[in-house]
Amino acid sequence: MTGGPALVARPAAGAPARLRGALGERVFYGLIGFVGVLLIWEATAQLGLYRKSLLSTPSAIWQAAATDIANGELWPHVSLSLTEFAIGFVLSLVLGVPLGLLIGWFRRVDYLFSGLLAGLNAMPHVALIPLIILVAGIGMESKVIVVFLWTFFAVVVTTFNGVQTTARKHLEITRSFGGSQWLAFRTVVLPSTLPFIISGVRIGAGRALVGVVSAEFLAANRGLGFYISLYGTFLDTARVMLGIVIFGILGVVIGELVRVVERRFEVWRPDLHH
Amino acid sequence: MEHHLALSARGVQMEYRDRQSGKRLLALENVDLDVPDGAFVSLLGPSGCGKSTFLKIVNGLLRQTSGEIKLHRVAKGREDAMVFQDASLFPWYTVTDNVAYGLVCAGVSRKAARERVQPFIDLVGLGGFGDKYPYQLSGGMQQRANLARALAVDAAILLMDEPFASLDAQTRELMQAELLRIWNAARKTVVFVTHQIDEAVFLSDRVVVMAARPGRVIADITIDLPRPRELSVKRTPLFQDYGERIWGLLAGRQEETASQGRAS
Amino acid sequence: MARASTADGPTFRTVLPRQRRRRSAAQRWYRRNERLVLSLLGIVAFFAVWQLGADAGIVDRFFFSSPSEVAIAGWAELQRARFWEDVRVSSVELAVGSALAVIVSVPLGLVIGWYRRLSYAFDPWLNFLNALPRVALIPLVVLWVGLGVEMKMLIVFLGAVFTIMVATVEGVRTVERQLLDVARSFRASEARIFTSLVIPGTLPFIISGLRIAVGRVLAGVIIAEFYAQTQGVGVMIAKAAATLQSDRMMFGVVLVTLLGIILYEAVGYAERWFQRWRPSLDLEETT
Ligand SMILES: Nc1ncnc2c1ncn2[C@@H]1O[C@H](COP(=O)(O)OP(=O)(O)OP(=O)(O)O)[C@@H](O)[C@H]1O
Ligand SMILES: [Mg+2]
C-alpha cells in the first residue's frame with residue numbers, strides 16, 4: 001500500500017475479536033462457514049431460486065430424519081450397514097496385518113508378492129462387485145466380502161511398506177546386543193510399523209465405506225445404500241440427502257476414531273501432541 | 001593387576017561389494033591392533049577411513065573378509081557393547097526401557113532389567129528422566145542414555161562410535177569428563193572413535209591414527225599425560241604437542257593424496 | 001607394556017572371516033536380479049494357480065473362469081465395435097470429469113488456502129465432503145441430470161474435486177508457513193509471492209492429490225456405469241455378470257486393472273519428479 005499514513009494503527013481487539021480469540025480462530029470461522037452454508041442453502045431454496053427437489057433443504061432433511069428415526073424406519077438400514085462394515089473390517093485386520101508383517105519381514109516373500117500386490121492394489125475393486133454378488137448373493141455375506149477385500153489390500157500393503165521402512169539403524173541395535181531375530185521383530189519392527197498399520201486402517205476404512213454403499217446400491221433389500229437408492233427412485237430428495245449425510249458423518253466419525261487409536265498407541269510420537 | 005589383551009586384531013581386511021553393480025571397495029587394509037585390558041584407545045582419522053567399519057566388525061555386526069579378531073572371554077555377559085552414533089534410541093521406548101534394552105537382548109525379563117538399570121541411569125545423570133521418551137530429551141541426554149544402555153550390559157569392552165559428534169562444545173567437554181569418571185570407576189576397556197584430535201588426546205592412553213582409501217593404520221601414539229586428567233590439561237604444552245603431531249600426520253596424508261590426485 | 005602378552009588359548013573368542021562362496025555366473029546374475037525374477041514369478045504363479053485350479057475343478061469356472069478363457073474372450077471382445085464404443089464412452093467420461101475437477105479445484109484450492117480465514121470457514125465442509133463416500137451421491141446426481149454420460153462425468157468430477165482441493169489448500173498453507181516470512185521480509189508484492197512461490201510450491205501437493213484421486217475417479221466411473229446401465233466398460237462387466245459370462249466379466253476386470261496400473265504409474269512418475277526435493281506427503285487416502 002502506498003500513500004497511507006506514516007504510522008500503521010493497530011487497534012485493540014474489539015468484542016468480536018475477543019470472542020474469536022476465546023474460541024480459537026479455527027473453530028470460530030469453521031462455525032461461521034458451517035452455519036453460513038446451511039442458511040444460504042435454506043434461504044435460496046425457500047426463495048425458489050432452484051427446484052427444491054434438486055437439493056432438498058436443511059429443514060426438510062431434518063424433518064425426514066426426525067420422522068424416520070421416530071418411526072424406526074432408518075435404524076435397521078444403518079445398523080445393517082454398520083454390521084457389514086464391522087465384520088468385514090475386523091476380518092481384514094485379523095488377516096491383513098499378519099500377512100503384511102510376514103511379507104515385509106522375509107525379503108524373498110516380499111519379492112514374490114510385490115508385483116502381484118501392486119497390481120491388485122491398483123485394481124478398481126468395485127469392478128469385482130458383480131462377481132462377488134454372483135458368488136455370494138445379495139445378502140449380508142456379499143457386502144462383508146466387499147468390505148473385507150477393500151480394506152484387506154490397503155492394510156496388507158501399508159503394513160508391509162511399514163516393515164520395510166523399519167530403520168536399519170534400529171535393527172542393528174538389537175543385533176549389536178545379541179538379541180534374537182524374534183526379539184527384533186517384537187521390539188523394533190512391530191512398534192515402528194504401527195503408524196503404517198494405522199494409516200492402512202484409515203485408508204481401508206474409507207474404502208470399505210465406499211464398498212458398502214456400492215454393493216448396497218447394486219443388490220440389496222436393506223442397508224443405508226439401499227435406503228438412498230430406494231428414495232432416489234421415489235424422487236424423495238430429502239431422504240436421499242439424509243442417507244448421504246449419515247454416510248458423511250460415518251466417514252468423519254470413523255476417521256476420528258482412528259485418530260483416537262493413533263494417539264493412544266503412539267504416545268512416543270512428538271508430532272501427535274500439541 | 002595382570003595385563004592381558006582385551007582385543008587383538010591381526011591383518012583385518014574389509015571389502016565392501018555392491019550387490020547390484022558388483023563393484024568393490026577396500027574399506028580396511030591389513031589392520032593390526034592390540035588393546036590391553038583396561039586401556040582407553042582412540043581411533044582417529046578422516047571420514048571414510050573405516051573407523052565405523054572396524055568397530056562393527058569387532059561388535060559382530062559385520063564379518064571381515066580376511067584377518068582375525070580375538071576378544072578376551074568374560075565369565076558372564078558380553079565381551080563388548082557398542083555405543084552408537086547419535087539418535088540410536090528407540091523413539092517408542094522410555095529412557096528406562098531403552099537403557100534396559102541391552103539386558104533384554106541378553107534374555108533378562110523386561111521387569112528385572114528395568115530394576116537393574118536404575119543405578120546406570122543415575123550414573124549418567126538421568127535420574128528422574130526414566131519415564132521420558134527420547135523426543136523429550138536434549139541431544140546430550142539422549143547420548144547419556146545411549147551410554148547407559150551399553151554400560152548396563154556390563155561388557156568388558158566399550159566400543160564407542162563418535163558418541164559426542166552431535167553435541168555442542170560445552171556439553172561435549174562435560175561428557176568427556178563424565179566418560180573418564182565412569183571409565184575410571186567401572187574399569188572398562190574403551191575403543192573410542194572420533195574425528196576430533198583434542199578429544200582423542202584428552203581421553204586416551206593411545207591414539208591410533210588412520211588414513212583413508214584404503215583404510216589403514218598410519219600411526220599409534222601413546223599419550224603420556226598423567227591421570228586423572230582435568231579439563232585444564234588441554235592447555236598444557238605437552239597436550240598441544242600431541243595435538244600438533246597428530247594434526248601433522250593427518251594433514252601430511254591429505255597433501256600426499258592431493259598431490260597423487262594431481263599426478264594421475 | 002601389554003604388547004608382550006599373547007592373545008591365544010581358550011580365554012579368547014576368535015572371529016574368523018566368512019568363507020567366500022564360489023558362485024557361478026548364473027548364480028551371480030540371479031543374486032543381482034532376484035527381486036525382478038521373484039516378483040515376475042509371483043505374478044506367473046498367480047495365473048498358473050488360477051488356470052490349474054480351474055482345470056482341476058478346484059476353482060469354480062462358472063464364477064471365476066480361467067486365464068485361457070479370459071484371454072480368448074478378450075480377443076473376441078477386441079473385434080467387436082460395441083466394445084470399442086464402451087471403451088470410448090468410459091474414456092471420455094474419465095477424461096472430461098477429471099479435467100473439470102482439476103480446472104475447478106486447483107484455482108479454488110489456491111484461493112481458499114491463501115486466505116486463512118476463508119480456509120477455516122470451508123474446513124468443515126471440505127472435510128465432510130472428503131470423508132463422504134462420493135458414490136453415495138449417485139442417486140442424487142441421477143435426480144439432477146438423469147442416467148446419461150453427464151451423470152457419470154459428474155460422479156468422476158465429484159470423486160476428484162474435493163480430494164485435489166484439500167491437497168491444494170494443504171499445499172498453500174504449508175508453502176505459506178515456510179516461505180512467506182522470507183518473501184515478506186524482501187518486500188515482495190502479494191501477486192509476486194503468489195506466482196513465484198505459492199503456485200510452484202503447491203504443485204507437488206496437487207499431484208499427490210491427483211494420485212489419490214486416480215483410485216476415486218476409476219471407482220466412480222465404474223460404479224456410476226453399473227448404476228446407470230447405459231454404456232461403458234462398467235456396463236460391459238455388469239452385463240457379462242448378469243448373463244453369467246464370467247470370462248467376459250473377468251476380461252473387463254483385467255482391463256480396468258491395467259488402466260488403474262497405467263494411471264497410477266503415470267501420476268506416481270510425475271509425483272516423484274516433482275518431489276525430488278520434498279519428503280512424501282501423508283495425505284489421507286480414502287476412495
Ligand atoms: N554397507 C556398506 N556398503 C558399501 N560400502 C560401505 C558400507 N559401509 C561403509 N562403506 C564404505 O566404506 C568406507 C568406510 O566407511 P566407514 O563408515 O567405516 O567410515 P568412517 O571412518 O566411520 O567414516 P565417518 O568418520 O564418516 O563415520 C567408506 O568409503 C564407505 O563409503
Ligand atoms: Mg563412522
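Lettering follows sequence order; numbering is per chain, from 1. Since this is a predicted model, take the numbers as computed values, not measurements.
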Closest approach of [X] and [Y], non-hydrogen atoms and distance?
| X | Y | answer |
| --- | --- | --- |
| Ser114(A) | Ser39(C) | OG-CB, 3.4 Å |
| Thr237(A) | Leu143(C) | OG1-CD1, 4.0 Å |
| Val135(C) | Ser214(A) | CG2-OG, 3.9 Å |
| Pro139(C) | Gly232(A) | CB-CA, 4.5 Å |
| Val210(A) | Pro133(C) | CG2-CB, 3.8 Å |

Between [options], which shows the greatest number of heavy-atom pairs under 4.5 Å with chain A?
| options | value |
| --- | --- |
| Tyr120(C), Phe226(C), Trp144(C) | Tyr120(C) |
| Phe122(C), Tyr227(C), Trp125(C) | Trp125(C) |
| Thr257(C), Leu140(C), Leu38(C) | Leu38(C) |

Check each atom of [X] against the heavy atoms of chain C and say whether the ones under 4.5 Å are side chain, backbone, both or neither.
| X | value |
| --- | --- |
| Val135(A) | both |
| Phe247(A) | both |
| Ile32(A) | neither |
| Leu117(A) | neither |

TODO: Would you check if Ile129(A) and Ile237(C) make a side-chain contact, meaning some heavy-atom pair closer than 4.5 Å?
DONE: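 The answer is no; the side chains never approach within 4.5 Å.
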TODO: Go through Phe64(C) and Leu131(A) one step at a time and tell me if the side-chain contact (heavy atoms from CB on, under 4.5 Å) criterion holds.
DONE: CA-CA 8 Å; Phe64(C) 300 101; Leu131(A) 174 69; 3.9 Å; yes
Open item on the list: Using a 4.5 angstrom heavy-atom cutoff, name the option from Val37(A), Val240(A), Ile254(A) with the most pairs to chain C.
Closed with: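 Among Val37(A), Val240(A), Ile254(A), the one with the most close pairs to chain C is Val37(A).
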TODO: Under 4.5 Å, counting heavy-atom pairs only, tell me which of Ala118(A), Gly251(A), Pro124(A), Gly211(A) racks up the most with chain C.
DONE: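 Ranked by contacts with chain C, first place is Pro124(A).
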Task: Gap separating the CZ atom of Arg134(C) from the CD1 atom of Ile244(A), nearest 0.5 angstrom - done: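 Here the interatomic distance stands at 12.0 Å.
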